[in-house]
Amino acid sequence: QVQLVESGGGSVQAGGSLRLSCAASGYTHSSYCLGWFRQAPGKEREGVAVIDSGGRTTYADSVKGRFTISQDNAKNTLYLQMNSLKPEDSAMYYCAADRVVRGYCRAPLHPGAFGYWGQGTQVTVSS
């Protein structure tokens with residue numbers, strides 16, 4: 001059973017940076033696509049960034065050039081480095097996992113395609 005535990009959220013001023021971490025267990029990194037999603041109050045959950053078993057990444061347009069997803073396979077940890085944060089980045093951030101198909105994420109950035117979820121970590125960006 002895949003288990004995901006996020007950490008690193010907090011409050012920061014606009015323009016600041018945060019790094020989220022997701023400790024993963026119960027999976028083989030070569031078999032899973034990992035991703036970060038977020039959900040703001042009153043809004044649907046949206047994909048932020050994903051990384052497949054080959055290290056290929058996909059980003060939402062809204063975060064390209066500001067956020068970087070990475071993973072440390074030795075530590076079974078997924079990261080999201082967030083720079084130049086904006087108030088509109090405020091949300092609950094979730095780590096998620098899905099099995100890959102021939103090494104690729106089945107549906108990058110689509111929450112419905114991911115079957116394993118962490119409990120979330122809150123990010124608040126003030127102007």
Asks: Can you name the residues that form a salt bridge (Lys or Arg N to Asp or Glu O under 4.0 Å) with D52, not counting sequence neighbours?
Replies: R56
Asks: Given 3.5 Å as the limit, does a donor-acceptor pair link the side chain of S21 with the main chain of S7, or not?
Replies: no
Asks: Determine which pairs satisfy salt bridge (Lys or Arg N to Asp or Glu O under 4.0 Å) with at least one residue from residues 11-29, sequence neighbours left out, and list them in order.
Replies: none
Asks: Between the side chain of T57 and the main-chain N/O of V50, is any donor-acceptor distance below 3.5 Å?
Replies: no
Asks: Within the distance-only criterion (no hydrogens, no angle test), does the side chain of T121 pair as donor or acceptor with the backbone N or O of G9 below 3.5 angstrom?
Replies: yes
Asks: Write out all pairs satisfying salt bridge (Lys or Arg N to Asp or Glu O under 4.0 Å) with one or both partners inside residues 70-86, taking only residues at least two apart or from two chains.
Replies: none
Asks: Hey, is the main chain of Y79 close enough, under 3.5 Å, to the side chain of W36 for a donor-acceptor pair?
Replies: yes
Asks: Which residue, L20, L78, T77, forms the side chain to side chain contact (heavy atoms under 4.5 Å, CB included) with C95?
Replies: L78
Asks: Test side-chain contact (heavy atoms from CB on, under 4.5 Å) on R99 and C33 and set out the steps.
Replies: CA-CA 6 Å; R99 294 190 70 89; C33 168; over 6 Å; no
Asks: What residues, two or more places apart in sequence or in another chain, satisfy ring pair (Phe, Tyr, Trp, His ring centres under 6.0 Å) together with Y27?
Replies: Y32
Asks: Give me the atom names and distance for the closest heavy-atom approach of Y59 to I69.
Replies: OH-N, 2.9 Å
Asks: Got a donor-acceptor contact below 3.5 angstrom from the E6 side chain to the Q119 backbone?
Replies: yes
Asks: Per the side-chain hydrogen bond (donor to acceptor under 3.5 Å, both in side chains) rule, what does the pair list look like for residues 106-118, sequence neighbours excluded?
Replies: D98-R106
Asks: At their closest point, which heavy atom of V100 faces which heavy atom of C105, and how far apart are they?
Replies: CG1-N, 4.4 Å
Asks: Mind jotting down which residue pairs meet the salt bridge (Lys or Arg N to Asp or Glu O under 4.0 Å) criterion with at least one end in residues 33-43? Sequence neighbours excluded, please.
Replies: R38-E46, R38-D89
Asks: With a 4.5 Å heavy-atom cut-off, do F67 and N83 have their side chains touching?
Replies: no
